[in-house]
Amino acid sequence: MLLPLALGSLFFPGLFGLCTWGLRRARPAWTHNDCVLISTRLVSSVQAVLATGSGIIIIRSCTHVITDR
């Protein structure tokens with residue numbers, strides 16, 4: 001249980017930093033706030049897609065979602 005927590009704690013801030021750095025290099029005319037805003041939205045979108053995928057996997061593997069573990 002601690003391994004996914006540790007990996008998520010490294011992955012999402014790393015993705016945010018990488019996106020911010022890449023946007024600043026790709027779009028030098030954009031302000032820092034613009035790059036941070038786009039990076040935040042991208043990381044939130046990735047988190048939403050991963051959460052949706054894990055939810056679909058859980059629902060498909062359980063016969064009765066409320067009582068199954």
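Each residue takes its place number in the sequence, starting with 1.
With values rounded to the nearest 0.5 angstrom, Ser9 atom OG is found 10.0 Å from Leu2 atom CG. Taking OG of Ser39 as the reference point, atom CG of Asp34 lies at 10.5 Å (rounded to 0.5 Å). Thr20 contributes atom OG1, which lies 10.5 Å from atom CG of Leu37 (distance to the nearest 0.5 angstrom). Taken to the nearest 0.5 Å, the CZ atom of Arg25 stands 12.5 Å off from the SG atom of Cys35.
Residues passing the side-chain contact (heavy atoms from CB on, under 4.5 Å) test with Ile38 are Leu23, Trp30, sequence neighbours excluded.
Across all non-hydrogen atoms, the minimal contact from Gly8 to Pro13 is O-CD, 3.8 Å.
Ser45 places none of its side-chain heavy atoms less than 4.5 Å from the side chain of Val49.
Other members of the hydrophobic cluster containing Leu50, listed by chain and number, are Phe11, Phe12, Leu15, Phe16, Val36, Val43, Val46; membership follows side-chain contacts under 4.5 Å among ILVMFWY residues, whether direct or relayed.
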